K.L.:
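Quick one: the structure is below, questions incoming.
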2 protein chains.
Amino acid sequence: MRIRTSNGKGDINQIPEPTLRRLPGYLSFFKSLKINNVEFVSSGQIAANFKMDSTLVTKDLSYTGIKGRTKIGYNVNLLIDTIIQFLDFNSQEKAFLFGVGNLGRALIKYQGLKSYGLHIVAGFDIDPAVVNNVLNDVKIHPIDEFRDLSRKMNVRLGIITTPDAKAQEIADLMVAWGIKAIWNFTPQSIKVPDNIIVENTSVYSDLAVILNRLNNQ
Amino acid sequence: MRIRTSNGKGDINQIPEPTLRRLPGYLSFFKSLKINNVEFVSSGQIAANFKMDSTLVTKDLSYTGIKGRTKIGYNVNLLIDTIIQFLDFNSQEKAFLFGVGNLGRALIKYQGLKSYGLHIVAGFDIDPAVVNNVLNDVKIHPIDEFRDLSRKMNVRLGIITTPDAKAQEIADLMVAWGIKAIWNFTPQSIKVPDNIIVENTSVYSDLAVILNRLNNQ
DNA sequence: CATATGTTGTTAATAAAATAACAATATTGA
DNA sequence: TCAATATTGTTATTTTATTAACAACATATG
């Protein structure tokens, strides 16, 4: 059985995903340059910092529409503003988080996410020990209240940090109550309708790469 | 300025990184099949679960050396054992963790990592409030003790979950005391000698992809 | 003011990964 | 027992991403 991936047609000239994934790293670097009062940076300097090819840097940056100046490089402040704008990191996208265990708690408490466009507005759990707790202004609700809260607030993004076995159940609930994108931190692959966006974050993939490199080279 | 990536020559016929990254996901799926007493699974079924092409599944699995049986598929137990073996997930690689904040604490407490080959044996921090605490049998030490502990235990892997600004400093320390691979959870790019393995895990990259999909399609 | 140079940014070539095509084959069922 | 078929697994093709080559040009310097 084969499945043809939707090539979407509408997405002509869309930014390649590898480029998209590199942009937050550039942004972090540019922010540290700004702190050190560096005003301009060349593609070569950026490339050296990340040990990559300088032409790839210019190509990546060109997708954001920013222009560099010959013999001078790119304006650091402009780079920061442009990338933040391009990635919608100032959008403060609201999110619900399901499963307030170790990882869920860490994400809620992790202030850094706010400056990268994510605002977790409520947590959900079934454990009476955590329900009604408040972590960093974020209240934890029983899952029953998801439906009502979903109607009041207009939340498009849901985060799954439940135990693996609960992932599909929660995903189904999200789809039922209007969530448009799911960020899945469990290694379970979840099944949702085609119009729902799913992004899987698995530390296990990274771990696999590390162990492979440690042991096989 | 351009940099040619080391093509390493020795790594001929090495497993492609995308394949390596998919293997833990397969493993998780196979484990859930086993729980449901499924004995055999075909590449088509696997592909359907992940909404991918079935030939890619067979190609991925062939790297692990496992053989399927025509008309039957792959033996689930054998798949699980083979992938765990292939990824060294039963190696219990020892690791030091630096920066016991929200994320660091979550990683230490997260039992799931143990069955994926990672055993965090000690944490380090500068905050007197956390130093000497014990989390899940893992003791938190002041950073001064890193040198001595490094000599006693033979640890190859270090994890950085410090604030961004401290990442390079900690990385330098690790290199000085013999760490061979660094798992960097900060968005900062760290500079280390070529023989040191660095794996960057950035939730910001995933966030960038989610926001882009939510807003641009 | 003119020339040398560093840097961008585009176009071309290469490399890598995913997909398609298809041959081989073991199993099922008539 | 034999034919039909589902499935693996290999080879070829296409697509995508990266790297290389090079043209355009603004700036610094003599």
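What you see below is based on every heavy atom in this structure, not just the backbone, and it leaves out hydrogens, waters and symmetry mates. Because the structure is predicted, anything quoted here is derived from the model rather than measured. We name chains A, B, ... by the order of the sequence lines, and we start the count at 1 in each one.
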K.L.:
Looking at E93(A) and L157(A), would you say the former's side chain and the latter's main chain have a donor-acceptor pair under 3.5 Å?
P.N.:
no

K.L.:
Does dT8(C) have OP1 or OP2 sitting under 4.0 Å from an N or O in the side chain of S43(A)?
P.N.:
yes

K.L.:
Is the shortest side-chain N/O distance from R69(B) to OP1 or OP2 of dA24(C) below 4.0 Å?
P.N.:
no

K.L.:
Heavy atoms from C-beta onward define the side chain here; which of dC25(D), dT28(C), dT19(C) lies closest to that of I72(B)?
P.N.:
dT28(C)

K.L.:
Could one point to a donor on the side chain of T70(A) or the base of dT8(C) with an acceptor on the other under 3.5 Å away?
P.N.:
no

K.L.:
Of all the heavy-atom pairs spanning G99(B) and T161(B), show the shortest one and how long it is.
P.N.:
O-OG1, 2.6 Å

K.L.:
Select one nucleotide: of dG9(C), dT7(C), dA17(D), the one nearest the side-chain heavy atoms of P16(A).
P.N.:
dA17(D)

K.L.:
Taking the side chain of T55(A) as heavy atoms from C-beta outward, which of dT18(D), dT10(D), dA21(D) is closest to it?
P.N.:
dA21(D)

K.L.:
Measuring from the side chain of P18(A) (C-beta onward, heavy atoms only), which nucleotide among dA18(C), dA6(D), dT18(D) has the closest atom?
P.N.:
dT18(D)

K.L.:
Do side-chain atoms of S202(B) reach the backbone of P187(B) as a donor and acceptor pair under 3.5 angstrom?
P.N.:
no

K.L.:
Checking all strands, does S42(B) fall into the base, sugar-phosphate, or nothing category for heavy-atom contacts under 4.0 angstrom?
P.N.:
sugar-phosphate

K.L.:
Of the candidate nucleotides dA17(C), dT10(D), dA28(D), which contains the atom at the shortest distance from the side chain of K71(A)?
P.N.:
dA28(D)

K.L.:
Regarding dT19(D), can its base be found pairing with the side chain of K59(A) as donor and acceptor, where the two atoms are less than 3.5 Å apart?
P.N.:
yes

K.L.:
At less than 4.0 Å, is any side-chain N or O atom of T58(A) found next to OP1 or OP2 of dG9(C)? Yes or no.
P.N.:
no

K.L.:
Hey, does the side chain of R22(A) come within less than 4.0 Å of dA17(D)'s phosphate (OP1/OP2), counting only N and O?
P.N.:
no

K.L.:
If you take all heavy atoms of G158(A) and I179(A), which pair is closest and at what distance?
P.N.:
N-CG2, 3.7 Å

K.L.:
Check DNA chain C against residues 73-85 of chain B and give the residues with a non-hydrogen atom under 4.0 Å, in numerical order.
P.N.:
none

K.L.:
Classify K67(B) by what it touches in the nucleic acid, base, sugar-phosphate, or nothing, heavy-atom distance under 4.0 Å.
P.N.:
sugar-phosphate

K.L.:
Does the Lys NZ or Arg CZ of K71(A) fall within the cation-pi geometry relative to F40(A) - under 6.0 Å from the ring centre and within 45° of the axis?
P.N.:
no

